[in-house]
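Reviewing the structure listed below.
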Amino acid sequence: MLWHSFSIVMDFKNITLVLITLILCCCVQSEVDIRADKVNSHRTHLSDSNNLERTSSDKLSELNQALRNKTLENYAQLAYQKNRLHYSLGQFDSLAHFHRKFFLKTDLKVDSYYAAKQYYLMGYYYDQIVKDSDSAFKNYTISKNFYERIGDSSWVGRNLLNMGTIQKDQSDFFGSKETLTESLKYLQPIKDDRHISSCYNILATNHRKLSNLQDALKYYSKAIRTTNSPSDKLIYQNNLTATHIDNKQFNIAIQLLQKITKDSLLIINEKEYARALDNMAYAQWLLGEKLNEHAFLNPLLIRKESNDKRGQIASYTRLGEFYSKNAPIKAKQYFDTVIQLSKAIKMPRAEKDALKFLMSLEPKNVGLRDRYIFLQDSLYSQGLKVKTQFAKYKYDDKLKQESILRLEKENTEKELEASRQRNQKIIYLGGLLFITSILGLSLYGFRQRTKRLKQKSKVEKLEAIYEAEAQLSRRLHDDYGGKINQTMLMLQRGTDKSAILDKLETVYNQIRSFSREINTVDTGPDFWNSLKATLEYLKPVEVEMVFDGGKELDWSLVSRQAKTIIFKVLQELVKNMSQHSKAKQTVILFRDKKKELSIYYEDDGVGASKKSLLRKNGLRNTEKRIQALGGSITFDSEEQKGFRAEIRIPK
């Protein structure tokens with residue numbers, strides 16, 4: 001009805017255009033007949049949607065134009081689409097040519113995803129179109145490797161499933177088992193349920209061919225349980241019945257066959273339906289039931305109508321067995337037909353099986369025996385060659401992949417090492433810059449601090465000088481200026497000259513003493529004696545003064561400035577003691593402590609409170625002098641408990 005509607009509104013030319021477009025848009029499906037022991041639907045990887053308004057020539061023209069620019073990011077995608085289009089149009093020569101051009105003889109880095117799809121396409125092409133199992137196996141292997149690179153577990157398993165199927169078809173049953181077992185590790189439940197059941201089915205076939213019938217029954221049962229396809233399930237059940245027949249479990253096989261031959265899905269599938277009828281007739285005959293030849297001829301007729309050559313070989317073989325005892329001539333005719341069909345479709349194993357039956361019918365026929373031995377040796381050699389071939393290819397591919405992985409690992413290690421060295425350099429440079437910055441900042445801070453300290457020291461020195469000058473000025477004015485003024489008044493009033501002269505002598509002696517006090521300090525070799533003499537001169541006669549450690553010091557190691565400060569400070573302390581403390585004993589201790597000189601002063605006078613100490617200009621001036629030199633002085637005094645001071649001055 002649909003095509004009739006089209007014919008009303010469109011002419012023949014337009015219909016042709018639509019048909020071509022639909023070909024481009026349809027998924028590329030495998031059109032291979034479903035065999036008794038496998039489902040080829042898992043080999044379908046060729047679907048993509050195209051614009052319905054474009055013809056194949058337009059699409060190819062656009063792709064060819066785009067592929068001239070090899071710098072395109074989607075170059076591999078376009079190349080794959082072009083090859084897939086050639087396949088869908090049956091342009092197999094172009095497919096092979098552009099595969100070599102774009103994927104084999106190119107120096108471009110091919111995108112792994114589209115490379116995997118392209119090599120799968122080529123594997124399918126060699127498997128289904130060219131019938132070149134070796135090339136198909138190689139391309140499926142390369143596709144698998146690319147899918148491994150991109151981490152697509154599902155498609156790795158599907159490629160392995162195809163490879164295992166090829167090995168089984170080439171009678172490499174042991175190798176196929178190994179490959180299919182590996183495939184199951186990659187196939188994912190639910191997503192790949194049909195492929196998993198197909199894998200179980202082919203594994204069961206391998207075990208059946210190797211006469212491991214119990215394992216075959218187990219895996220066929222697994223295939224039946226895991227499949228969600230009703231049609232696939234019927235095929236697997238048919239395979240299961242054949243294994244029960246091999247295992248001489250005829251009743252079980254007959255019961256299952258009676259059930260599945262009534263299924264409408266199986267009846268639609270002529271090849272599988274004929275196979276089920278043939279298996280049931282064969283099981284009943286082996287069980288001893290009386291059958292006529294029509295039980296075997298009916299499935300043969302269906303197989304002839306569907307042109308199922310392999311199925312016909314099975315029917316003729318069983319007809320030969322059926323007539324072997326009662327009609328050997330007829331049996332030989334059937335076996336001869338098997339031999340002819342086997343040669344026509346190149347199935348030497350079926351020919352060998354037919355010759356085996358003929359040899360039992362004609363034991364003296366040397367020609368049959370020689371042909372049988374020849375085929376047996378040829379099949380053995382071919383099987384050995386196939387096993388070795390596939391094993392060698394897998395081994396070579398394994399070495400290649402290991403080499404690639406090793407190179408990738410070495411490159412990765414080199415990149416990591418280079419990255420590590422770069423990071424180390426960055427760390428070293430960063431550390432060096434950090435340390436340099438810290439040192440620079442520290443040096444800058446140190447210089448600024450030194451500058452501030454120097455400035456502070458200068459200020460303190462100036463303050464000490466100004467304070468000393470102010471003190472001298474006050475003493476000159478208060479102590480001596482008043483006395484001189486008093487003497488002048490005495491002269492004006494006509495006081496006795498002798499009294500005036502006595503007064504002047506007293507002032508003179510005081511001024512001379514004051515001059516000695518402020519005079520330049522002798523910092524030479526006789527410093528200690530000068531210091532001691534001055535201090536003893538300043539103290540009252542009744543005060544006992546004790547010195548300890550001063551004589552033993554090597555005063556030549558003490559700077560001139562430090563000696564001057566020591567002299568002035570001790571002079572001020574002794575003078576202060578003489579005027580205010582009423583002490584009876586004074587002790588001055590000198591201690592050499594490597595880089596500094598410590599001096600301890602103590603008297604047993606009346607002492608003073610801390611507040612009164614702070615009000616004394618002489619003591620404040622003394623403290624400033626020491627601090628200007630980088631030293632320190634500590635006062636410790638309480639009323640009626642004496643006076644103590646500790647002086648620390650750098651040498």
Side-chain angles (χ1 to χ4, degrees), residues 26-44 46 124 127-129 131 161-162 165 168-169 192-206 208-209 216-217 219-246 252-284 294-319 341 345 347 350:
C26 291
C27 300
V28 178
Q29 301 289 342
S30 64
E31 298 178 357
V32 183
D33 291 335
I34 299 177
R35 298 180 184 177
D37 53 2
K38 73 174 182 181
V39 178
N40 281 327
S41 60
H42 63 271
R43 298 186 181 184
T44 304
L46 314 170
Y124 188 84
D127 188 11
Q128 300 300 315
I129 306 301
K131 305 298 182 183
L161 175 56
N162 292 343
T165 303
K168 186 268 299 179
D169 291 342
D192 298 316
D193 58 342
R194 191 170 188 182
H195 303 91
I196 291 172
S197 61
S198 177
C199 194
Y200 285 138
N201 177 60
I202 301 170
L203 270 172
T205 301
N206 288 327
R208 182 187 172 198
K209 295 295 183 181
L217 292 171
Y219 280 109
Y220 279 133
S221 298
K222 279 190 173 184
I224 294 167
R225 287 197 304 271
T226 55
T227 185
N228 291 321
S229 169
S231 58
D232 290 349
K233 184 176 182 180
L234 290 171
I235 295 170
Y236 301 155
Q237 287 176 330
N238 210 355
N239 294 340
L240 180 64
T241 62
T243 309
H244 280 305
I245 293 171
D246 293 341
I252 297 175
I254 292 169
Q255 290 176 4
L256 183 56
L257 285 165
Q258 287 175 341
K259 176 182 177 181
I260 65 176
T261 51
K262 296 177 183 178
D263 196 302
S264 58
L265 283 176
L266 188 70
I267 296 172
I268 294 172
N269 188 338
E270 293 182 344
K271 291 166 63 174
E272 283 300 316
Y273 181 60
R275 181 166 173 255
L277 293 176
D278 190 50
N279 284 340
M280 185 160 61
Y282 190 59
Q284 291 172 337
H294 291 290
F296 293 100
L297 290 175
N298 287 335
L300 175 60
L301 180 61
I302 297 172
R303 284 166 167 169
K304 283 183 176 182
E305 291 176 352
S306 61
N307 197 30
D308 180 9
K309 301 293 184 182
R310 295 174 64 91
Q312 291 176 44
I313 288 175
S315 289
Y316 284 125
T317 301
R318 289 179 175 176
L319 280 167
L341 282 173
I345 64 173
M347 282 187 61

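Interatomic distance, I260 CD1 to L265 CG, rounded to the nearest 0.5 Å: 12.0 Å. Rounding to the nearest 0.5 Å places NZ of K271 at 9.0 Å from CZ of R310. Taking CD1 from I235 and CD1 from I224, the interatomic distance works out to 11.5 Å, rounded to the nearest 0.5 Å. Summarising the geometry, atom OG belonging to S264 is positioned 5.5 Å from atom CD1 belonging to I268; distances are rounded to the nearest 0.5 Å. In this structure, the separation between NZ on K222 and CG on L203 is 9.0 Å, given to the nearest 0.5 Å. Atom CG in L234 sits 11.0 Å away from atom CG in N239 (nearest 0.5 Å).
Closest approach of Y220 and Y236 over heavy atoms only: CD2-O, 4.4 Å. Of all heavy-atom pairs spanning A274 and P299, the tightest one is O-CB, 3.3 Å. Across all their heavy atoms, E270 and S306 have their closest contact at OE1-CB, 3.5 Å. What you find for Y273 and T261 is that their closest heavy atoms are CE1-O, 3.7 Å. Of all non-hydrogen atoms in L341 and I313, the two that sit nearest each other are CB-CG1, 3.7 Å.
Side chains of L217 and L240 form a contact here, defined as non-hydrogen atoms less than 4.5 Å apart. A heavy-atom distance below 4.5 Å is not found between the side chains of D192 and L161. Taking the side chain as every heavy atom from C-beta outward, N307 and K309 approach each other to under 4.5 Å. Here the side chains of S221 and R225 are in contact, with some heavy-atom distance below 4.5 Å. Here the side chains of Q237 and L266 are not in contact, with every heavy-atom distance at 4.5 Å or above.
The backbone N or O of S197 sits nowhere less than 3.5 Å from a side-chain atom of N201 that would complete a donor-acceptor pair. Looking only at distances, no side-chain donor or acceptor of D246 sits under 3.5 Å from a matching main-chain atom of R208.
For S229, the side chain to side chain contact (heavy atoms under 4.5 Å, CB included) criterion is met by R194, T227, S231, D232, not counting sequence neighbours. Among residues two or more places apart in sequence or in another chain, the side chain to side chain contact (heavy atoms under 4.5 Å, CB included) test is passed with K304 by L300, Q312, Y316.
Note on D308 versus R275: no salt bridge recorded, every NZ/NE/NH1/NH2 to OD/OE distance being 4.0 Å or above.
The cationic group of R318 lies under 6.0 Å from the six-membered ring centre of Y282 and within 45° of the ring axis, placing it in a cation-pi geometry.
If you run side-chain contact (heavy atoms from CB on, under 4.5 Å) between M280 and each of T241, L257, L256, only L257 comes through.
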